[in-house]
Amino acid sequence: MFNKELYQYFSQTETPFYFYDMGLFNESLKKLKQAAGKYDYLVHYAIKANANDPILKAVKKIGFGADCVSGNEVRKAIETGIKPDKIVFAGVGKSDAEINYAIDKSIFSFNSESIEEIEVINEWGIEKQKIVPVSLRLNPDIDAITHKYLTTGLPENKFGIPLSFLGKVIRRMGDLSNVNLIGLHFHIGSQIRELSPYIQLCEKVNMIQDILFDEYGIELDHINLGGGLGINYENPDDELIPDYANFFDTIHTHLKKRKNQKVHFELGRSVVGQTGSLISRVLYIKKGINKEFMILDAGMTDLIRPALYGAQHKIQNISKPEAQIKNFKYDVVGPVCESSDSFDDNVMLPMTKRGDLVAIRSTGAYGEIMVSQYTLRNKPGAIYSDEIKVKNEKPVFSKERVS
Ligand code: LLP
């Protein structure tokens, strides 16, 4: 992924920083558009994964909508030029200010997860004399087979309306004058590497649609199946672009779409995850008892996923040719005063010395966006492959991946 010229550029750059391979990102967007387009599925990029301007601009350019989970994300999507009629707004607890803002902007759908919130949206609708479009986020009770912090579709999760409440919610919504039920929304979790949870989801949706029609005579215009498609963290180079085609083919096979119904998705990680790497310098190789600590200038403030979820990202010493034998074992840690500030234990790498550059791969999603300034550390920088091209007046990014 990093050619020689790129490496040279990195060596002269202050670390840590996120590097985004915009060629790969645009390729990923294109593949996603093709695969979803085959079935007329609509994609709303999940802004929470990465909200950097160049990323959002590319999303807008390809014509995707936005999946937002805060008022500021809605604002950011609109500022990027994404049309409000392509914006969905989810979240278990939207504040009055956020509801107000999104109603004023006439977004496509409030994905709402409780009758309590729908009642508040209705009150604001009355106040503003607007009929507000609402989709019900249901909790389908499906195990997404992922980390427990990344699962959202089980009864113990705070997310969604339990299926057993559906009738009650629909009846109550019938009494509310200023909300319009336009669809159903589901999001069962994130980093889902198997397709079986999605097959189960489709089967549940089919069943729910049957109940809605048979018992209430309701056919909704929109079904939103959320995001969650996972990526290959272990061997990113084997799967730089997820198999979107297989994903959508599977959905198409199992989902009984009603006539004229639109099907929506909210993908984040799968779109942007592999395009980013956190580049860091080795500060010290510190000898411990029976181990060696590789202390980086990047820490948990720059990438919190390992500390928060025990997530493992591939770590590469990009100062060493990839062919070199990886016969040294390091605990790769950050400089922050927390024992959880560790990227991984027992990582096999070539012999590494102070000043070497390290790439922590697959950090395009939920990396930079989750940066904190704990201990008053600086935020990492961000470098985009296509900007380097402009600065140097010649392309340094190459698709020929050296590492
Ligand atoms: N839609 C909703 C309603 C969501 O809550 C999420 C993610 C998505 C879509 C996008 O899911 P994706 O396609 O990116 O899996 N910080 C965690 C991930 C949290 C995901 C939260 N919701 C991590 O670093 O793994």
Side-chain angles (χ1 to χ4, degrees), residues 18 28-29 32 36 41-51 55 59 64-70 73-74 77 87-94 108-114 117 135-140 144-154 157-161 183-195 197-198 201 223-233 242-244 247-248 251 264-276 278 300 302-313 343 360-372:
Y18 277 89
S28 179
L29 288 175
L32 173 56
Y41 292 159
L42 299 168
V43 176
H44 307 262
Y45 167 70
I47 289 196
K48 64 182 81 61
N50 187 313
I55 299 291
V59 165
F64 293 156
D67 160 46
C68 304
V69 285
S70 73
E73 282 192 354
V74 175
I87 295 178
V88 294
F89 183 15
V92 279
K94 301 175 192 73
F108 165 64
S109 177
F110 281 77
N111 292 345
S112 209
E113 322 196 8
S114 68
E117 184 184 86
S135 303
L136 294 179
R137 174 168 177 180
L138 301 179
N139 184 325
I145 322 177
T146 185
H147 190 281
K148 76 172 169 133
Y149 288 177
L150 303 183
T151 189
T152 52
L154 289 174
N157 303 132
K158 67 179 175 181
F159 299 98
I161 296 168
L184 298 178
H185 174 227
F186 303 84
H187 172 73
I188 56 174
S190 197
Q191 183 52 15
I192 304 171
R193 288 287 282 160
E194 316 218 0
L195 289 178
Y198 287 105
L201 176 62
I223 298 292
N224 182 336
L225 297 182
L229 185 64
I231 60 171
N232 189 340
Y233 281 102
D243 193 347
Y244 299 122
F247 174 66
F248 291 122
I251 300 283
H264 303 244
F265 293 86
E266 305 167 340
L267 298 171
R269 186 191 315 266
S270 53
V271 191
V272 69
Q274 299 292 26
T275 68
L278 176 60
M300 64 193 292
D302 305 294
L303 175 69
I304 197 151
R305 301 194 71 257
L308 196 55
Y309 316 112
Q312 285 178 309
H313 290 255
F343 291 110
I360 306 179
R361 300 285 306 277
S362 315
T363 47
Y366 307 111
E368 200 180 343
I369 196 83
M370 293 177 83
V371 160
S372 85

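First listed ligand is number 1; within each ligand, the first listed atom is number 1. Hydrogens, waters and symmetry mates play no part in the numbers below; they use all other heavy atoms, side chains included.
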**Student:** Is a side-chain N or O of Q191 found less than 3.5 angstrom from the main chain of I231, in a donor-acceptor match?
**Tutor:** yes

**Student:** Check whether any heavy atom of G228 sits under 4.0 Å from an atom of ligand 1.
**Tutor:** yes

**Student:** Hey, does S270 come in under 3.5 Å of ligand 1, counting only N/O atoms on both sides?
**Tutor:** no

**Student:** For atom 1 (N) of ligand 1, what's the nearest protein heavy-atom neighbour? Residue, atom name and distance, please.
**Tutor:** E266 OE1, 2.6 Å

**Student:** Can you tell me which residue and heavy atom of the protein come closest to atom 17 (C) of ligand 1, and the distance to 0.1 Å?
**Tutor:** Y309 OH, 3.0 Å

**Student:** Could you tell me, atom by atom, which parts of ligand 1 come under 4.0 Å of a heavy atom of R137?
**Tutor:** 3 (C)

**Student:** Against heavy atoms of A46, which atoms of ligand 1 measure under 4.0 Å?
**Tutor:** 10 (C)

**Student:** R305 versus Y366: any side-chain heavy-atom pair under 4.5 Å?
**Tutor:** yes

**Student:** Suppose we measure from atom 24 (O) of ligand 1 to each protein heavy atom; which comes out shortest, and what is that distance?
**Tutor:** R305 NE, 2.6 Å

**Student:** Do L29 and F64 come close enough that some side-chain heavy atom pair is under 4.5 Å?
**Tutor:** yes

**Student:** What atoms in ligand 1 come closer than 4.0 Å to a heavy atom of L267?
**Tutor:** 13 (O)

**Student:** When you measure from atom 20 (C) of ligand 1 to every protein heavy atom, which one gives the shortest distance, and what is it?
**Tutor:** Y366 OH, 3.6 Å

**Student:** For ligand 1, which atoms sit closer than 4.0 Å to a heavy atom of G227?
**Tutor:** 9 (C), 13 (O)

**Student:** Assess K94 against F89: is NZ or CZ under 6.0 Å from the centre of the six-membered ring, and within 45 degrees of the ring's axis?
**Tutor:** yes

**Student:** Would you kindly specify which portion of N111 sits under 4.0 Å from ligand 1, judged on non-hydrogen atoms: side chain, backbone, both or neither?
**Tutor:** neither

**Student:** Heavy-atom distance under 4.5 Å between the side chains of D67 and H187, does that happen here?
**Tutor:** no

**Student:** Out of E113, H185, H187, whose heavy atom sits nearest atom 11 (O) of ligand 1?
**Tutor:** H187

**Student:** Looking only at protein heavy atoms, identify the closest one to atom 21 (C) of ligand 1 and say how far it is in Å.
**Tutor:** K48 CD, 3.8 Å

**Student:** What are the two closest non-hydrogen atoms of V88 and H44, and how far apart are they?
**Tutor:** CG1-CE1, 4.0 Å

**Student:** Taking the side chain from S270 and the backbone from L267, do they hold a donor-acceptor pair closer than 3.5 Å?
**Tutor:** no

**Student:** Among all protein heavy atoms, pick out the one at the shortest distance from atom 15 (O) of ligand 1; state its residue, atom name and that distance to 0.1 Å.
**Tutor:** S190 OG, 2.4 Å

**Student:** Which word best sums up how the rings of F108 and H264 line up, parallel for under 30°, tilted for 30 to 60°, or perpendicular for over 60°?
**Tutor:** parallel

**Student:** Purely on distance, is any nitrogen or oxygen of G268 under 3.5 Å from one on ligand 1?
**Tutor:** yes

**Student:** May I ask you to decide if N232's main-chain N or O and Q274's side chain share a donor-acceptor pair within less than 3.5 Å?
**Tutor:** yes

**Student:** Heavy atoms only: which of H44, M370, R269 is nearest to atom 25 (O) of ligand 1?
**Tutor:** R269

**Student:** Scan Y41, F186, Y244 and name whichever one has a ring-ring contact (aromatic ring centres under 6.0 Å, His included) with F265.
**Tutor:** Y41

**Student:** Are any side-chain N or O atoms of Y18 and backbone N or O atoms of D302, one a donor and one an acceptor, separated by less than 3.5 Å?
**Tutor:** yes

**Student:** Assess H147 for proximity to ligand 1: is some non-hydrogen atom of it under 4.0 Å away?
**Tutor:** no

